[in-house]
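Everything below concerns the one structure shown next.
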Amino acid sequence: MSILVVGSVAYDTVETPAGRAERVLGGSASFFAVAASFFSPVNLVGVVGRDFGEPQLAAFRGRPIDLAGLERMEGQTFHWQGRYSQDLNSRDTICTDLNVFEFFEPKIPAAYGRSELVFLGNIDPVLQRRVLEQVERPRVVACDTMNFWIKGKPQELRETLAKVHVLLINDQEAKELSGEWNLVRAARAIRAMGPRTLVVKKGEHGVLLFGEEGDCFAAPALPLETVIDPTGAGDTFAGGFMGYLASAPGLSDATLRQAVVMGSTLASFCVEAFSLDRLLTLERPEIDARYAVFEKLTRFESL
Ligand code: AMP
């Protein structure tokens, strides 16, 4: 079952307490696609400039990632620069050079129109909706967004959310989107906007999954001794989550819980190196072994 992802493909310049990485591969669609490709074929829709060449594309080669939807435009590739705090819990955006991304109009190749799972990366909600108009009745539509769109295009975002099954956002965004400071109340308000499933990411504090009314599942993040760069952890989580769903038979509560743990597993590898470096050396047995570590981390006996 193939997954369609629409989002940014970027050059990132990142500073963390562990060091600095200059103009390395980044972007929401890049992290997502590589993570999801461990489980399922991925169709990638995005845009790059003329400065994005074969060495960068090599990250996607040799994996079931179709690049027919990766448009190449005159100009420079999107460039994002960020600097993390000492504890890695916050970051400042130093610059966002949209470059060709400013003119991005997602064109979904006809062959992708039947994708059964769709992940709408963090882009303008109007563009997210146009993507959905080009896809025939997908089984699962998941979506990311950010404060910029929550504040800047609230109505457009509401229209997109009405067509989304799973929303993946961080706790701060959930509070802003709902206007509620309590996450349980926030989840109820957001689920009433459309998404039946809400995944709230809380960085090093893990993830909360809200399903049917009152049903909540919590997964921790793996306590890691060395974290090099958290960039892309959210998109990598989404890739592991959606990839697992694509490879599973249904969408039961148990499957959603497994998908959350698989997303957390992939994210735990992402932060171990700059850019996609760790994801690119990752092998399936390592994923399965770390999933088992998560199982052990959260297992406890009944009273
Ligand atoms: P995350 O750490 O999950 O928030 O994702 C970081 C990735 O998002 C980086 O690789 C950036 O290239 C990309 N990114 C940052 N700002 C934007 C933006 N405004 N639109 C699209 N992608 C972005």
Side-chain angles (χ1 to χ4, degrees), residues 5-16 21-36 44-49 51-52 56 59-60 76-85 88-106 119-128 131 142-153 157 167-173 199-204 207 221 227-242 263-264 266-280:
V5 54
V6 183
S8 56
V9 176
Y11 283 121
D12 287 349
T13 297
V14 182
E15 286 172 59
T16 79
E22 187 95 29
R23 288 183 68 79
V24 290
L25 178 62
S28 58
S30 308
F31 285 102
F32 179 95
V34 171
L44 193 158
V45 172
V47 64
V48 291
D51 56 347
F52 198 91
Q56 290 73 29
F60 304 117
Q76 301 277 305
T77 300
F78 174 64
H79 174 235
W80 174 80
Q81 183 169 356
R83 185 184 296 135
Y84 286 82
S85 61
L88 295 168
N89 281 331
S90 61
R91 74 178 177 207
D92 291 324
T93 291
I94 312 289
C95 76
T96 302
D97 302 319
L98 289 175
N99 299 328
V100 294
F101 202 50
E102 189 178 350
F103 310 103
F104 183 44
E105 273 284 339
F119 180 67
L120 304 168
N122 171 24
I123 56 174
D124 186 330
V126 175
L127 296 184
Q128 290 178 324
V131 170
C143 167
D144 184 14
T145 192
M146 67 191 291
N147 293 351
F148 183 73
W149 304 119
I150 294 171
K151 280 205 196 85
K153 295 206 173 175
L157 182 59
L167 178 66
L168 301 110
I169 49 178
N170 69 36
D171 44 356
Q172 207 47 46
E173 291 158 352
V199 178
V200 180
K201 297 170 287 179
K202 304 198 303 163
E204 66 169 335
V207 174
V227 176
I228 301 292
D229 175 15
T231 306
D235 303 304
T236 302
F237 173 93
F241 177 86
M242 290 292 275
S264 306
L266 269 293
S268 76
F269 286 111
C270 170
V271 303
E272 288 182 339
F274 282 106
S275 181
L276 283 81
D277 291 0
R278 183 66 183 98
L279 296 179
L280 295 178

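Order of appearance sets the numbers: ligands from 1, and atoms from 1 within every ligand. Just the heavy atoms: all of them, side chains too, but no hydrogens, waters or symmetry mates, feed the values below. Residue numbers run from 1 in the order of the sequence given. What you are looking at is a predicted structure, and each value in this text was computed from that prediction instead of being measured.
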What pairs with Phe104 under ring-ring contact (aromatic ring centres under 6.0 Å, His included), at least two apart in sequence or on another chain? Phe101
Set of residues satisfying ring-ring contact (aromatic ring centres under 6.0 Å, His included) with respect to Phe31, sequence neighbours excluded: none
Give a yes-or-no answer on whether the side chains of Gln172 and Asn147 include a donor-acceptor pair shorter than 3.5 Å.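 No pair is found: no donor N or O on one side chain lies under 3.5 Å from an acceptor on the other.
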State, with a plain yes or no, whether a side-chain heavy atom of Asp229 is found less than 4.5 Å away from one of Tyr84.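 Yes. Closest side-chain heavy atoms under 4.5 Å.
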Under 3.5 Å, N/O to N/O: give me all the pairs between ligand 1 and the protein, one per line with atom names and distance.
| from | atom 1 | to | atom 2 | distance (Å) |
| --- | --- | --- | --- | --- |
| ligand 1 | 2 (O) | Arg91 | NH1 | 3.0 |
| ligand 1 | 2 (O) | Gly232 | N | 2.8 |
| ligand 1 | 3 (O) | Asp235 | OD2 | 3.1 |
| ligand 1 | 4 (O) | Arg91 | NH2 | 2.9 |
| ligand 1 | 5 (O) | Asp235 | OD2 | 3.1 |
| ligand 1 | 10 (O) | Asp12 | OD1 | 3.4 |
| ligand 1 | 10 (O) | Asp12 | OD2 | 2.5 |
| ligand 1 | 10 (O) | Gly27 | N | 2.7 |
| ligand 1 | 12 (O) | Asp12 | OD1 | 2.6 |
| ligand 1 | 12 (O) | Gly27 | N | 3.4 |
| ligand 1 | 22 (N) | Ser8 | OG | 2.8 |

Work out which heavy atom in Ala10 is nearest to a heavy atom in Ser30; give both atom names and the distance.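 Scanning both residues completely, I find the closest heavy atoms to be N-OG, 4.4 Å.
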Under the side-chain hydrogen bond (donor to acceptor under 3.5 Å, both in side chains) test, which residues partner Ser275, sequence neighbours left out? none
